[in-house]
Amino acid sequence: MALRVYNTLTKEKAEFTPVEKGKVGMYVCGPTVYKPSHIGHMVGPVIFDAVKRYLTYLGYQVTFVVNITDVDDKLIVRAKELGTTVKELAEKMTADYCDCLKRLNVAGIDLMPRATEHIGEMIEMMRGLIDNGHAYPSGGDVYFDVSKDADYGKLCHRDPEQMEAGARVEISDRKRNPGDFALWKGAKPGEPSWDSPWGPGRPGWHIECSAMSMKYLGKTFDIHGGGLDLQFPHHENELAQSESYTNQIFARYWMHNGLLKMGNAKMAGSVGNVVNVADLLKKYHPETVRFLLLSTHYRSPIEYSDDRLAEVRRSLDGFYRFFERYQRVNGASFHQIEAPVRQGEVPADGDFLKEIGGLRKRFLECMDDDFNTGGAVGVLYEMLNKLNRFADDKKVEDASAKPQAKAEFTEGVRIFKEMSQILGLFQEPAVAAKGGDDQLVGGLMQLLIDLRAEARKAKNFALGDQIRKRLTEQGVTLEDRPGGTGWRL
RNA sequence: GGCCCCUUAGCCAAGCGGUAAGGCAGCGGAUUGCAAAUCCGCCAUCCCCGGUUCAAAUCCGGGAGGGGCCUCCA
């Protein structure tokens with residue numbers, strides 16, 4: 001089966017074929033760095049990180065670019081409020097953004113170009129657009145002339161005339177048409193500015209993405225992604241100016257992710273209901289957040305709430321307990337397993353591995369179908385169930401377990417790991433139980449477990465249960481397993 | 001006012017014409033001294049009304065409810 005991708009431009013799924021065989025260029029719109037990142041900012045990066053992982057798994061060499069908008073009205077206003085410079089604010093907030101990405105295991109971004117470092121490219125592009133009649137300077141500004149672009153509106157499937165009807169576009173006597181948008185804004189006193197043939201100023205919002213994406217990925221590249229709310233005007237304008245400039249197709253596949261919802265409204269700075277990533281991560285492990293974002297298909301809105309996060313946290317427990325189980329069987333951590341990337345069928349002997357192989361196939365089919373991570377996550381749960389069942393049936397934790405059974409079990413776990421890596425999940429121990437590494441706590445726990453064991457041996461269950469009950473009150477759960485008693489927080 | 005999209009069990013969520021994945025919660029059972037963990041089983045006919053089809057959650061038309069965009073927004 002081949003990878004199929006939904007394209008906003010055509011409104012349908014089509015088989016994915018890159019411009020250049022074996023390579024993929026992917027550009028995703030990043031944040032305007034004027035405030036700390038909220039969770040909504042993480043949706044795109046996490047999803048496209050998974051997209052890159054999967055494309056890489058399929059053998060493509062992927063270049064993943066996320067831009068940083070480091071000059072803009074909001075930055076100027078915010079910097080003034082804080083009594084700092086735009087540059088300093090941008091640097092600080094970019095660091096925050098990068099830190100959030102790192103914690104959510106978004107590891108695939110190759111380049112993060114800054115708008116302010118590409119003024120030259122933008123000027124060159126504007127010059128070209130003015131020369132070919134698609135843009136015009138006006139009173140120190142430069143505008144894109146929408147009326148000169150025959151297929152303007154094709155991304156959003158809108159007729160420009162209809163849009164203008166009830167539109168509340170910025171009125172300016174410098175524009176020829178109300179729908180025209182600024183490529184360059186003439187400097188006002190006190191604002192950061194750069195020299196240009198049209199006088200000092202700064203770039204408009206859309207031009208940076210055209211200039212930078214084409215610089216790093218070429219005039220025609222494969223995937224352009226971003227939030228659904230960026231479709232218009234940002235992406236429509238980006239597309240219009242780029243294709244007017246090069247006379248070539250800009251991005252071949254436009255992918256738009258659904259927005260995060262708080263209750264029944266989207267989460268956004270403009271709505272004022274944002275949840276800071278840094279704050280959130282104080283309460284929930286990053287993997288819980290990543291898992292939540294990948295549990296839904298990327299084009300659907302994602303329900304966000306504290307209850308939901310708590311539920312995800314609970315549902316993740318099954319995986320984490322299984323990893324502990326694996327460690328009991330093999331003595332090594334699940335996280336150290338090397339799971340090679342294998343194309344095609346995995347050779348399988350025996351019903352168990354055939355079953356796991358079948359699930360692996362289903363997982364891959366989900367990903368092939370427009371990166372259906374939600375379906376893929378479901379398959380992961382099914383694998384977990386099969387793995388546990390096999391472990392129960394064959395008693396792989398017992399010393400008497402057959403080496404053959406243990407080997408099959410281990411191979412099954414490797415396949416599970418191979419799949420989970422594609423989603424960027426379970427890469428590191430997520431619940432290194434608080435205090436679990438602490439020698440003193442470990443020693444004290446062993447003491448209590450030993451005392452309880454003695455009480456139980458003497459059939460003093462009342463005392464044994466009291467020890468367990470009081471530990472439960474402290475948030476410690478005991479598990480009596482064949483090989484002895486374990487505990488976790 | 002215009003343009004899009006969504007509606008699947010108590011909650012979250014796959015599904016893209018062939019008779020409803022998965023998770024959380026709940027219930028019953030195995031296991032356990034009792035638990036925990038794990039396993040087994042149970043738990044929906046897909047917002048409503050029509051239509052197309054041998055066959056529809058899936059296609060078409062209408063209705064109801066919710067959301068997004070048209071303005072900065074991931």
Side-chain angles (χ1 to χ4, degrees), chain A residues 4 8 11-13 28-32 34 37-48 66 72-74 153 156-159 161-170 179 205 225-234 236 256-261 264-271 274 291-292 295-297 299-303 305 307-308 310-318 321-322 324-325 362 366 369-370 372-382 384-385 387-393 397 456 459 461-462 464-465 468-469 472 477-482 485-488:
Chain A
R4 290 164 60 78
T8 304
K11 293 170 85 170
E12 54 190 27
K13 278 186 225 172
V28 174
C29 289
T32 299
Y34 73 110
S37 302
H38 67 259
I39 326 164
H41 291 129
M42 298 293 113
V43 178
V46 166
I47 285 162
F48 288 102
V66 175
D72 143 279
D73 290 341
K74 290 196 293 282
C156 304
H157 311 284
R158 283 183 209 174
D159 178 358
E161 285 178 26
Q162 280 182 328
M163 270 190 293
E164 285 173 30
R168 287 165 284 174
V169 285
E170 195 185 336
W205 177 31
L228 208 57
D229 53 349
L230 254 32
Q231 221 175 87
F232 192 90
H234 185 53
E236 191 72 59
H256 288 99
N257 60 267
L259 305 178
L260 213 53
K261 281 176 64 182
N264 54 6
K266 70 164 177 173
M267 181 185 290
S270 56
V271 184
V274 297
F291 197 87
L292 168 71
S295 295
T296 307
H297 185 93
R299 277 190 281 122
S300 305
I302 302 173
E303 299 278 342
S305 71
D307 284 353
R308 178 82 183 108
E311 186 190 308
V312 171
R313 177 63 255 277
R314 248 175 289 143
S315 68
L316 237 18
D317 274 345
R321 293 200 183 108
F322 177 75
E324 289 166 12
R325 186 174 202 180
R362 268 180 56 207
C366 283
D369 184 13
D370 195 29
N372 182 359
T373 56
V377 163
V379 176
L380 244 28
Y381 278 107
E382 290 185 65
L384 176 67
N385 174 261
L387 254 10
N388 266 320
R389 196 217 303 240
F390 185 81
D392 280 3
D393 286 351
E397 285 177 72
R456 293 172 71 210
K459 302 278 182 206
F461 293 122
D465 288 350
R468 186 175 65 202
K469 184 172 164 238
T472 303
T477 306
L478 293 186
E479 292 181 6
D480 293 330
R481 306 186 202 101
T485 299
W487 64 278
R488 66 189 161 73

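Chain identifiers are assigned alphabetically (A, B, ...) following the order of the sequence lines, protein sequences preceding nucleic acid strands; residue numbering begins at 1 within each chain.
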Engineer: Of the nucleotides B:A14, B:C34, B:C12, which one has an atom closest to the side chain of A:Glu311?
Structural biologist: B:C12
Engineer: Rounded to whole Å, how long is the line connecting atom CZ of A:Arg299 with atom C1' of B:G67?
Structural biologist: 16 Å
Engineer: Between A:Phe291 (CZ) and B:A14 (P), how many Å, whole number?
Structural biologist: 13 Å
Engineer: From the set B:C16, B:C24, B:G33, return the single nucleotide nearest to any side-chain atom of A:Asp369.
Structural biologist: B:C16
Engineer: Which value, in whole Å, describes the distance between the P atoms of nucleotides B:C40 and B:A21?
Structural biologist: 16 Å
Engineer: What integer number of Å spans the C1' atoms of B:A55 and B:G66?
Structural biologist: 31 Å
Engineer: I'd like the C1' distance from B:C54 over to B:A14, given in whole Å.
Structural biologist: 28 Å
Engineer: Does the pair A:Glu324 and A:Arg488 meet the rule for a salt bridge (charged side-chain N to carboxylate O under 4.0 Å, His left out), with working shown?
Structural biologist: CA-CA 10 Å; A:Glu324 289 166 12; A:Arg488 66 189 161 73; 5.0 Å; no
Engineer: Assess whether one donor atom and one acceptor atom, taken from the side chain of A:Arg321 and the base of B:A37, lie less than 3.5 Å apart.
Structural biologist: no
Engineer: Between B:A25 and B:A9, how many Å separate the two C1' atoms, rounded to a whole number?
Structural biologist: 12 Å
Engineer: Name the pairing partner of B:C54, where a pair is Watson-Crick or G-U wobble with both distances under 3.5 Å, or state none.
Structural biologist: B:G18
Engineer: Between the side-chain atoms of A:Arg456 and the base atoms of B:G33, is any donor-acceptor pair under 3.5 Å?
Structural biologist: yes
Engineer: Quick check: on RNA chain B, is the nucleotide nearest A:Asp72 upstream (toward 5') of the one nearest A:Gly464, or the reverse? Name the residue that is more 5'.
Structural biologist: A:Gly464
Engineer: Whom does B:G41 pair with, Watson-Crick or G-U wobble, provided both distances fall under 3.5 Å?
Structural biologist: B:C27
Engineer: Considering only atom P, compute the distance from B:A56 to B:G22 and round it to an integer number of Å.
Structural biologist: 24 Å
Engineer: Nearest to the A:Ala265 side chain among B:A74, B:A36, B:G68, which nucleotide is it?
Structural biologist: B:G68
Engineer: Between atom NZ in A:Lys11 and atom P in B:G68, what is the gap in whole Å?
Structural biologist: 19 Å
Engineer: When the P atoms of B:A35 and B:A20 are considered, how many whole Å apart are they?
Structural biologist: 36 Å
Engineer: Using modelled atom types only, decide if a donor and an acceptor are shared between the side chain of A:His157 and the backbone of A:Thr8 within a distance under 3.5 Å.
Structural biologist: yes
Engineer: If B:C34 has a Watson-Crick or G-U wobble mate with both distances under 3.5 Å, name it; if not, just say none.
Structural biologist: none
Engineer: Think A:Asn385 has a side-chain N or O under 4.0 angstrom from the OP1 or OP2 of B:C39?
Structural biologist: yes
Engineer: Report the C-alpha separation of A:Arg468 and A:Asp465 in whole Å, then their side-chain angles, then the decisive distance to 0.1 Å, and conclude whether the salt bridge (charged side-chain N to carboxylate O under 4.0 Å, His left out) test is met.
Structural biologist: CA-CA 5 Å; A:Arg468 186 175 65 202; A:Asp465 288 350; 3.7 Å; yes
Engineer: Checking all strands, does A:Tyr381 fall into the base, sugar-phosphate, or nothing category for heavy-atom contacts under 4.0 angstrom?
Structural biologist: sugar-phosphate
Engineer: Looking only at side-chain N and O atoms, does A:Arg389 come under 4.0 Å of OP1 or OP2 in B:C40?
Structural biologist: yes
Engineer: Rounded to whole Å, how long is the line connecting atom CG of A:Leu259 with atom P of B:C69?
Structural biologist: 7 Å
Engineer: Provide, to the nearest angstrom, the distance between the CE atom belonging to A:Met267 and the P atom belonging to B:A74.
Structural biologist: 13 Å
Engineer: Considering only side-chain heavy atoms of A:Asn372, which listed nucleotide, B:G15, B:C70, B:A74, is closest?
Structural biologist: B:G15
Engineer: Under a 3.5 Å limit for both distances, which nucleotide forms a Watson-Crick or G-U wobble pair with B:C47, could you say?
Structural biologist: B:G63
Engineer: Kindly say whether, by distance alone, the side chain of A:Asp465 makes a donor-acceptor pair under 3.5 Å with the base of B:G33?
Structural biologist: yes
Engineer: So A:Gly225, base contact, sugar-phosphate only, or nothing? Heavy-atom distance under 4.0 Å.
Structural biologist: nothing
Engineer: What about A:Asp480: does its side chain form a donor-acceptor pair under 3.5 Å with the base of B:C34?
Structural biologist: yes
Engineer: In whole angstroms, how far is the C1' atom of B:C40 from the CD atom of A:Glu382?
Structural biologist: 16 Å
Engineer: Find which nucleotide of RNA chain B each of A:Gly374 and A:His297 is nearest to by heavy atoms, and output the residue with the more 5' nucleotide.
Structural biologist: A:His297
Engineer: Calculate the interatomic distance between A:Glu479 atom CD and B:A35 atom C1'; express it in whole Å.
Structural biologist: 11 Å
Engineer: Tell me: CG of A:Leu316 to C1' of B:C12, nearest whole Å?
Structural biologist: 14 Å
Engineer: Hunt down the Watson-Crick or G-U wobble partner of B:C69, both distances under 3.5 Å, from any strand shown, or write none.
Structural biologist: B:G2
Engineer: Ignoring hydrogens and angles, answer whether the base of B:C34 and the side-chain atoms of A:Arg468 contain a donor-acceptor pair closer than 3.5 Å.
Structural biologist: yes
Engineer: Rounded to whole angstrom, note down the C1' distance from B:C42 over to B:U7.
Structural biologist: 27 Å
Engineer: Does A:Asn388 have a side-chain nitrogen or oxygen under 4.0 Å from the phosphate oxygens OP1 or OP2 of B:C39?
Structural biologist: yes
